[in-house]
Enquirer: 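A single structure is presented below for examination.
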Amino acid sequence: YGTDPWGQRWRQITTPHFKLIYPKAIDSLAQRYAWLLDTSYTVGSKSIGHKPVHVPVVLHPDNVYANGVVVWAPRRMEIFTTPPMQSYPQAWDKQLALHEFRHVAQTDKMNKGVMRAAFYLFGEQTSALWMLPVPKWFLEGDAVATETALSSSGRGRSAEFHMVYRSLLLSDVEWSYDRWVNGSYTYNIPDIYHFGYQNVSYVRHKYGADIWDRVLNESSHRYFKIPAFSNALKKYTGLSTKLLQKETFSYLKQQWIEEDKALAADTAIRYITGANTDYTS
């Protein structure tokens, strides 16, 4: 990404599943990431039914951009190791290892069938084609569900992560699938990480942890049965992506109504602002 100092000296650690490339001064941090990623490889690939190929990982410590990305042309994971200013009770390196590895497993899993032939003919850039049927909300939601299930925290365990959805649904807000997914400049609508987590977790809760393994297998082998992902989801659950959103939100609303009833006797609600044309947090 061109953000590292020009005179940086680089080293590397090779593990059974990863090659970590990192600046000279962070040997101990690189060793920890090596251990975390190898551990994530064992547990993070189980429910998706796929162990991905050997992946290079580049560590960037000289950056205040807290994030990680998985890119497939060329294939690599890039990790910006500085923790974010706002977080939750989870070590940043553990969070990134679990979340970003899941993206590796998702992407490599879709490299099957006719897309596998395209990969051998045209190289790694064909990942743009084999990932085309998979909605981005699923990719991020599945990664958030994985980081939550395989750790003691994760975003899914944070009350703040659910706060806006809970507020909207208990206010009887009903919007279209497209608005929930794409967001709005007028209304406070959570991003695809939140949307994806709710839908992915609901399907796992109702149909079992291996449901997305079956859906992705079907999507990759029936690639030209458009829309491949929605058709695969409907085959195993009877729900299209739009019906899934409706059923998920209906389930969540009912759960939160029951919780609110239990709290109502001990809770006093006081409005501290008047009506406003824009949303306020």
Side-chain angles (χ1 to χ4, degrees), residues 1-6 8 10-23 30 33-34 36-38 40-41 44-45 48-63 65-81 95-144 146-147 181 191-193 196 200 212-213 215-229 232:
Y1 282 87
T3 58
D4 302 289
W6 71 270
Q8 197 75 273
W10 297 86
R11 292 181 173 177
Q12 71 179 40
I13 298 172
T14 303
T15 76
H17 308 296
F18 302 93
K19 178 172 70 175
L20 280 84
I21 303 161
Y22 63 95
Y33 269 106
L36 285 168
L37 286 165
D38 268 355
S40 299
Y41 187 95
S45 57
I48 207 170
H50 181 74
K51 293 184 176 180
V53 295
H54 196 277
V55 178
V57 180
V58 186
L59 303 183
H60 302 278
D62 299 305
N63 198 302
Y65 176 63
N67 204 353
V69 294
V70 171
V71 188
W72 223 250
R75 182 179 73 248
R76 69 197 188 276
M77 179 193 302
E78 302 222 18
I79 289 179
F80 304 92
T81 61
Q95 158 76 21
L96 281 181
L98 287 167
H99 187 98
E100 300 304 332
F101 170 73
R102 187 66 168 197
H103 285 321
V104 172
Q106 294 164 347
T107 307
D108 196 51
K109 185 177 179 66
M110 290 298 292
N111 186 11
K112 292 181 178 181
V114 66
M115 288 297 109
R116 189 70 172 172
F119 168 73
Y120 285 123
L121 286 172
F122 302 109
E124 292 174 336
Q125 61 265 32
T126 54
S127 61
L129 290 176
W130 76 62
M131 294 303 291
L132 192 62
V134 186
K136 196 171 181 182
W137 64 255
F138 166 76
L139 298 175
E140 298 300 350
D142 179 60
V144 173
T146 300
E147 86 195 27
V181 171
D191 61 24
I192 57 172
Y193 290 79
V200 167
W212 294 115
D213 175 16
V215 169
L216 290 183
N217 278 335
E218 182 73 12
S219 299
S220 61
H221 287 108
R222 302 286 187 273
Y223 181 87
F224 294 107
K225 190 179 179 182
I226 299 172
F229 182 88

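Values below: every heavy atom of this structure, side chains too, minus hydrogens, waters and symmetry copies.
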Enquirer: Does the side chain of Asn67 pick up a donor-acceptor pair with the side chain of Tyr65 at under 3.5 Å?
Expert: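 Per modelled atom types, Asn67 and Tyr65 side chains form a pair under 3.5 Å.
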
Enquirer: Give, for atom CG of Asn63 and atom CD1 of Ile79, the distance between the pair rounded to the nearest 0.5 Å.
Expert: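 So the CG of Asn63 and the CD1 of Ile79 are separated by 13.0 Å.
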
Enquirer: Minimum heavy-atom separation for Thr81 and Tyr33, please, with both atom names.
Expert: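 Shortest heavy-atom separation between Thr81 and Tyr33 comes out as CG2-CE1, 3.8 Å.
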
Enquirer: Do you know which two heavy atoms are closest between Ile13 and Ala34, and how far apart they sit?
Expert: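 Taking Ile13 first and Ala34 second, the nearest heavy atoms are CG2-CB, 4.4 Å.
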
Enquirer: Please identify each residue that fulfils salt bridge (charged side-chain N to carboxylate O under 4.0 Å, His left out) with Arg222, with sequence neighbours left out.
Expert: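 Checked Arg222 against salt bridge (charged side-chain N to carboxylate O under 4.0 Å, His left out); matches are Glu218.
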
Enquirer: With a 4.5 Å heavy-atom cut-off, do Thr146 and His99 have their side chains touching?
Expert: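 Thr146 vs His99: side chains apart.
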
Enquirer: Which heavy-atom pair separates Glu124 from Trp72 by the least distance, and what is that distance?
Expert: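 That would be CB-O, 2.9 Å.
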
Enquirer: For the residue pair Gln8 and Asp62, establish whether any side-chain heavy-atom pair is separated by less than 4.5 Å.
Expert: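 SC-SC contact between Gln8 and Asp62 confirmed.
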
Enquirer: To the nearest 0.5 Å, what is the distance between CD on Gln12 and CG on Leu59?
Expert: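 Reported to 0.5 Å precision, the distance equals 12.0 Å.
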
Enquirer: Looking at OH of Tyr120 and OG1 of Thr126, how far apart are the two atoms once the value is rounded to the nearest 0.5 Å?
Expert: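 Output value for this atom pair is 11.0 Å.
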
Enquirer: Can you confirm whether the side chains of Gln106 and His103 place a donor and an acceptor under 3.5 Å from each other?
Expert: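 A donor-acceptor contact under 3.5 Å links the two side chains.
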
Enquirer: With sequence neighbours left out, write down each residue that passes salt bridge (charged side-chain N to carboxylate O under 4.0 Å, His left out) with Glu147, or none if nothing qualifies.
Expert: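 Partners of Glu147 by the salt bridge (charged side-chain N to carboxylate O under 4.0 Å, His left out) criterion, ordered by chain and then number, come out as Arg155.
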
Enquirer: Evaluate Trp137 against Val200 for side-chain contact (heavy atoms from CB on, under 4.5 Å), listing each step before the verdict.
Expert: CA-CA 9 Å; Trp137 64 255; Val200 167; 4.3 Å; yes

Enquirer: What are the two closest non-hydrogen atoms of Met131 and Thr107, and how far apart are they?
Expert: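 Residues Met131 and Thr107, closest heavy atoms: SD-CA, 3.7 Å.
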
Enquirer: Check whether any side-chain heavy atom of Ser219 lies under 4.5 Å from a side-chain heavy atom of Met110, and answer yes or no.
Expert: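 Answer yes - side chains close enough.
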
Enquirer: Can you list the steps and then say if Asp142 with Ile48 is a side-chain contact (heavy atoms from CB on, under 4.5 Å)?
Expert: CA-CA 10 Å; Asp142 179 60; Ile48 207 170; 4.3 Å; yes

Enquirer: Check this for me: Lys112, atom NZ, are more than 12 non-hydrogen atoms of other residues, nucleotides or ligands nearer than 6.0 Å?
Expert: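 It does: Lys112 NZ has more than 12 such atoms within range.
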
Enquirer: Do the side chains of Asn217 and Lys109 get nearer than 4.5 Å, heavy atoms only?
Expert: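 SC-SC contact between Lys109 and Asn217 confirmed.
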
Enquirer: How far apart are the C-alpha atoms of Asp4 and His60, what are their side-chain angles, what is the distance that settles it, and do they pass the side-chain contact (heavy atoms from CB on, under 4.5 Å) test?
Expert: CA-CA 7 Å; Asp4 302 289; His60 302 278; 2.9 Å; yes

Enquirer: Would you please name every residue forming a side chain to side chain contact (heavy atoms under 4.5 Å, CB included) with Asp38, sequence neighbours left out?
Expert: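 Per chain and number, Asp38 pairs via side chain to side chain contact (heavy atoms under 4.5 Å, CB included) with Thr15, Pro16, His17, Phe18.
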
Enquirer: Please work out whether the ring planes of Phe138 and Trp212 are parallel, tilted or perpendicular, with thresholds of 30° and 60°.
Expert: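 If you compare the ring of Phe138 with that of Trp212, the planes turn out tilted.
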
Enquirer: Work out which heavy atom in Val134 is nearest to a heavy atom in Leu139; give both atom names and the distance.
Expert: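 Residues Val134 and Leu139, closest heavy atoms: CG1-CD2, 3.7 Å.
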
Enquirer: Could you grab the distance from atom NZ of Lys136 to atom OH of Tyr193, nearest 0.5 Å is fine?
Expert: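 Separation between the atoms: 6.5 Å.
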
Enquirer: State the CG-CG distance between Leu37 and Leu96, to the nearest 0.5 angstrom.
Expert: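 Spacing of CG (Leu37) from CG (Leu96) equals 9.0 Å.
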
Enquirer: Within the distance-only criterion (no hydrogens, no angle test), does the side chain of Arg75 pair as donor or acceptor with the backbone N or O of His54 below 3.5 angstrom?
Expert: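 Yes, because the side chain of Arg75 sits within donor-acceptor range (under 3.5 Å) of the backbone of His54.
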
Enquirer: If you compare all heavy atoms of Phe101 against all heavy atoms of Pro52, which two are closest, and at what distance to 0.1 Å?
Expert: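 Closest heavy-atom pair between Phe101 and Pro52: CE1-CG, 3.6 Å.
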
Enquirer: Taking Arg102 for its side chain and Gly44 for its backbone only, find out whether a donor-acceptor pair lies under 3.5 Å.
Expert: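 Here the side-chain-to-backbone pair exists.
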
